[in-house]
Amino acid sequence: MSLLVKKFGRAVSMMLLAILIFSCEDPGNIGLNLDGTNGVVETIYHEAVLPSSVVQFDPRSTLRSPSIQVGKYTDANFGVTSAKSFSRLNLTSLIPDMDESAEFDEFVMEVGFQALYGATPGDGDQVNLYLHQLTEELDTAGTYTRLSELPYNPTPLGTWTFEPSILDTLQTDSVYVIPLDPAIGLDLFNKLKAADPIFEDNANFNAFFKGVAWIGDPTNQSIYYLNTSTFRIKIKYKEVNSSGEDVERSYDLNSSGYRFFNLDADRAGTPLDGISADNSDFFTSDNFQYAQLGNLVALKIDFSTFYDITDTLENLVINSAEIQIGTLETYDENKAPPPIMQVFFTDVNNTWPIKTADGAEFVQLQQEGVPAGAYGFEEDISLRIDEETEGIASYNIPLSSFLQQLHSGRFDDEDTPLEPETTIYLYPETDVLFPEQLFSISGSQQYIVHKDSIRLKIHYTIPSSNAGNN
């Protein structure tokens with residue numbers, strides 16, 4: 001193609017863009033209302049169902065998770081999902097210089113309730129959660145995934161019984177105090193008073209005490225998220241201070257950064273029965289697609305249909321384009337879909353996530369207007385809820401700028417090999433350095449969508465074949 005022809009093509013494109021800016025109101029969801037039979041340009045709206053599947057990613061590390069989650073919930077489509085959490089304990093101060101009068105008082109745990117996912121609790125419904133002592137030390141250099149567990153003493157250190165309420169801000173702002181086994185507390189106190197070496201550093205202490213496990217009750221109907229910032233185990237004691245006054249003191253232990261959670265699902269008899277955690281495509285038999293974040297079950301979409309629509313068109317200007325996912329199937333109050341998602345490009349091996357060549361970012365859909373090959377401006381896909389019909393929700397992925405660049409060959413570069421493959425995952429935000437610390441992996445959120453509700457909607461403009469014939 002000569003330079004003159006290239007410049008002419010660009011000039012036509014710029015003219016079309018100028019016309020688009022001053023166009024009339026669109027008759028449908030997206031696009032323009034132009035007369036394609038008599039005008040200089042012809043506007044076309046195209047909508048197509050996109051091929052899709054479900055993929056469960058291979059198990060990832062949940063070490064250094066920000067959450068403590070415990071319990072289980074049952075769902076007809078996703079089966080029984082259960083959670084357990086395991087943690088080392090941190091010493092929070094040096095060995096105190098105790099007076100000889102110091103006496104053990106009590107051994108307690110402090111913890112706060114943060115959120116739940118599952119069944120709506122009824123008035124007066126009580127939940128039991130158990131804290132156990134590990135019998136095997138957590139290896140700080142080990143690899144722990146959502147399928148990993150550590151053995152623990154079957155007799156609980158303590159039981160937390162409470163009535164969860166997601167609408168009670170007083171409850172979510174409160175710190176609960178739960179009595180723990182006083183015999184174990186007394187033994188720790190005596191060692192602390194004697195300045196035992198187990199209190200010299202975290203390594204010594206965890207070699208002795210091993211750590212703790214949060215275990216749910218078989219009757220649990222939700223997964224409960226606990227506030228890690230308020231979690232404390234306290235060895236309380238009393239002593240006489242230098243002024244001869246009786247004072248109460250405590251030595252605190254908290255949950256260290258070395259913790260992980262187990263999150264598993266029994267899908268027998270559900271639409272996802274038979275799915276494998278190996279990044280392979282899974283095709284359901286009921287015309288629905290399913291996503292469950294904590295268990296790494298993601299929606300995969302192929303929008304190569306775009307090429308079928310536009311490959312033979314020249315001087316194409318995309319006015320508006322999006323992938324609409326939904327309407328989502330109805331969901332319970334406490335099983336809401338994730339509020340924010342992102343778009344990750346994948347390869348023929350269904351890899352997730354894939355980093356850029358420099359390893360600094362993930363290969364994701366960027367915000368509208370970001371040039372091809374630029375990363376770090378990821379597009380957030382918000383859950384769109386129809387205010388007039390509560391519960392009607394969808395995800396809408398804006399693609400106008402991306403598809404225009406794709407059609408123009410802007411991604412035909414060795415640094416951007418994935419985007420032209422047009423295969424994506426819809427999944428929440430994660431982090432390049434510590435993906436296990438983000439809610440995308442630790443959350444239990446889920447959604448369901450009919451396969452025919454996953455659609456590419458594109459409105460584009462081309463030079464009219466009738467132009468100049470009137």
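Side chains are part of it too, since the values below use all heavy atoms of this structure and drop only hydrogens, waters and symmetry mates.
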**Prompt:** Using the benzene-type ring in the case of Trp, are the ring centres of F402 and F345 under 6.0 Å apart?
**Reply:** yes
**Aromatic ring proximity, centroids under 6.0 angstrom, Y447 and Y331** =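 Ring-ring flag for Y331/Y447: false, centres at least 6.0 Å apart.
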**Item:** Test log, rule side-chain contact (heavy atoms from CB on, under 4.5 Å), inputs D75 and T81
**Value:** CA-CA 8 Å; D75 184 281; T81 302; over 6 Å; no
**Message:** Looking at N206 and L89, would you say the former's side chain and the latter's main chain have a donor-acceptor pair under 3.5 Å?
**Reply:**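 At least one qualifying donor-acceptor pair exists.
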**Request:** May I ask you to check whether N128 and T161 show a side-chain donor-acceptor distance below 3.5 Å?
**Result:** yes
With a 3.5 Å cut-off and sequence neighbours excluded, list the donor-acceptor pairs that the side chains of residues 150-159 form with protein atoms.
{"residue": "N153", "atom": "OD1", "partner": "T155", "partner atom": "N", "Å": "2.9"}

**Message:** Donor-acceptor pair, distance only, cut-off 3.5 Å: does the side chain of Q324 make one with the backbone of S453?
**Reply:** no
**Request:** Assess the side chains of D281 and N350: does a donor N or O sit below 3.5 Å from an acceptor N or O?
**Result:**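 There is such a pair between these side chains.
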**Prompt:** Are the side chains of F362 and Q342 in touch, meaning some heavy atoms are under 4.5 Å apart?
**Reply:**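 Counting from C-beta outward, F362 and Q342 never come under 4.5 Å.
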**Prompt:** Going by heavy atoms in the side chains, are I424 and F303 under 4.5 Å from each other?
**Reply:** yes
**Request:** Could you tell me if the ring centre of Y427 sits under 6.0 Å from that of F57?
**Result:**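 Yes - the distance between ring centres of Y427 and F57 falls below the 6.0 Å cut-off.
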**Request:** Please confirm whether Y144 and F86 have ring centers closer than 6.0 angstrom.
**Result:**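 Not close enough - the centres of the two rings lie 6.0 Å or further apart.
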**Message:** Ignoring hydrogens, what is the shortest heavy-atom contact between E200 and N204? Give both atom names and the distance.
**Reply:**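 Where E200 meets N204 most closely, the heavy atoms are OE1-ND2, 3.8 Å.
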**Asked** Which pair of heavy atoms, one from I95 and one from D196, lies closest together, and at what distance?
**Response** CD1-O, 4.0 Å
**Prompt:** Do L253 and F205 have side-chain heavy atoms sitting under 4.5 Å apart?
**Reply:** yes
**Request:** Please name the pair of heavy atoms, one in V240 and one in D246, separated by the smallest distance, quoted to 0.1 Å.
**Result:**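 Nearest pair, atom of V240 first, then D246: CG2-OD1, 3.3 Å.
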**Prompt:** Hey, does the side chain of T284 reach the backbone of Q289 with a donor-acceptor pair shorter than 3.5 angstrom?
**Reply:** no
**Asked** What distance do Y251 atom OH and F189 atom CZ have between them, rounded to the nearest 0.5 Å?
**Response** 13.5 Å
**Message:** Looking at E245, is its backbone amide N or carbonyl O close enough to the side chain of S243 to form a donor-acceptor pair, meaning the two atoms are under 3.5 Å apart?
**Reply:** no
**Request:** Measure the NZ-CD1 distance between K193 and I235 for me, rounded to the nearest 0.5 Å.
**Result:**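 Atom-to-atom, K193:NZ and I235:CD1 are 13.5 Å apart.
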**Fill in**
Residues pairing under salt bridge (charged side-chain N to carboxylate O under 4.0 Å, His left out) where one sits in residues 233-244, two or more places apart or in two chains, turn out to be E106-K236, K234-D252, E239-R249
**Aromatic ring pairing F113/F162, orientation class (parallel under 30°, perpendicular over 60°, tilted between)** =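 Aromatic pair F113/F162 classed tilted.
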**Asked** Heavy atoms, side chains only, cut-off 4.5 Å: are I301 and I325 in contact?
**Response**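 Contact flag for I301/I325 side chains = yes.
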**Asked** Are the side chain of T416 and the backbone of F411 linked by a donor-acceptor contact shorter than 3.5 Å?
**Response** yes
**Item:** Note, T422 side chain near D302 side chain (heavy atom, < 4.5 Å)
**Value:** yes
**Item:** Taking every non-hydrogen atom, the tightest pair across F260 and T145
**Value:**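 Here F260 and T145 meet closest at CD1-O, 4.2 Å.
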**Prompt:** What distance do F288 atom CZ and S52 atom OG have between them, rounded to the nearest 0.5 Å?
**Reply:**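 Those atoms lie 12.0 Å apart.
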**Item:** Spacing of CG belonging to L418 relative to CZ belonging to F344, to within rounding of 0.5 Å
**Value:**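 Atom-to-atom, L418:CG and F344:CZ are 13.0 Å apart.
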**E379 vs E368 side-chain heavy atoms within contact, under 4.5 Å** =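 A side-chain contact under 4.5 Å exists here.
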**Asked** What do the steps show when you test K451 against V49 for side-chain contact (heavy atoms from CB on, under 4.5 Å), and what is the final call?
**Response** CA-CA 8 Å; K451 295 175 183 178; V49 174; 5.8 Å; no
**Request:** Not counting sequence neighbours, which residues clear side-chain hydrogen bond (donor to acceptor under 3.5 Å, both in side chains) with R455? List them please.
**Result:**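 For R455 the side-chain hydrogen bond (donor to acceptor under 3.5 Å, both in side chains) partners, ignoring immediate neighbours, are E47.
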**Prompt:** Can you check whether D99's main-chain N or O pairs, donor with acceptor, with S101's side chain at less than 3.5 Å?
**Reply:**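 The answer is no, because no donor-acceptor pair under 3.5 Å joins these two groups.
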**Request:** Report yes or no: does S87 contribute a side-chain atom to a donor-acceptor pair with the main-chain N or O of R259 at less than 3.5 Å?
**Result:** no
**Asked** Are the side chain of Q366 and the backbone N or O of F377 linked by a donor-acceptor pair below 3.5 Å?
**Response**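 Checked: pair present.
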**Message:** Among residues at least two apart in sequence or on other chains, which ones pass side-chain hydrogen bond (donor to acceptor under 3.5 Å, both in side chains) with S85?
**Reply:**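 For S85, no residue satisfies side-chain hydrogen bond (donor to acceptor under 3.5 Å, both in side chains) once neighbours in sequence are set aside.
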**Item:** Contact list for residues 208-221, test side-chain hydrogen bond (donor to acceptor under 3.5 Å, both in side chains), sequence neighbours left out
**Value:** Y130-D217, D217-T219
**Item:** Passing option when I233 is tested against V212, V111, V108, I178 for side chain to side chain contact (heavy atoms under 4.5 Å, CB included)
**Value:** V212
**Request:** Output, in order, the C-alpha distance, side-chain angles, deciding distance and verdict of side-chain hydrogen bond (donor to acceptor under 3.5 Å, both in side chains) for T351 and N349.
**Result:** CA-CA 5 Å; T351 306; N349 297 314; 4.8 Å; no
**Request:** For the residue pair N287 and D452, establish whether any side-chain heavy-atom pair is separated by less than 4.5 Å.
**Result:**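 Of all side-chain heavy-atom pairs linking D452 with N287, none is under 4.5 Å.
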**Message:** side-chain contact (heavy atoms from CB on, under 4.5 Å), that's the test. Do E149 and K84 meet it? Break it down for me.
**Reply:** CA-CA 8 Å; E149 293 190 64; K84 307 170 186 175; 2.8 Å; yes
**Message:** Rounded at 0.5 Å granularity, tell me how far CD1 in I68 sits from CZ in F261.
**Reply:** 12.0 Å
**Request:** Of all the heavy-atom pairs spanning A393 and L383, show the shortest one and how long it is.
**Result:**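 Scanning both residues completely, I find the closest heavy atoms to be CB-CD1, 3.8 Å.
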**Message:** I'd like to know if the side chain of R232 reaches the main chain of T230, judged simply by a donor and an acceptor atom lying under 3.5 Å from each other, with no hydrogens or angles considered.
**Reply:**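 Not confirmed, R232 side chain does not pair with T230 backbone.
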**Item:** Donor + acceptor pair across side chains of Q56, D278 (<3.5 Å)
**Value:** no
**Prompt:** Is there side-chain contact between L63 and T143, with heavy atoms separated by less than 4.5 Å?
**Reply:**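 No, side chains not in contact.
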**Request:** Report yes or no: does N90 contribute a side-chain atom to a donor-acceptor pair with the main-chain N or O of T92 at less than 3.5 Å?
**Result:** no
**Asked** Looking at CG of L293 and OH of Y117, how far apart are the two atoms once the value is rounded to the nearest 0.5 Å?
**Response**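 Here the rounded value is 7.5 Å.
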**For A76 against P271, the heavy-atom pair lying closest together** = O-CD, 4.2 Å
**Which residues share a side-chain hydrogen bond (donor to acceptor under 3.5 Å, both in side chains) with S148, sequence neighbours left out** = none
**Request:** Please lay out, stage by stage, how L226 and F231 fare under the test side-chain contact (heavy atoms from CB on, under 4.5 Å).
**Result:** CA-CA 8 Å; L226 311 184; F231 176 69; over 6 Å; no
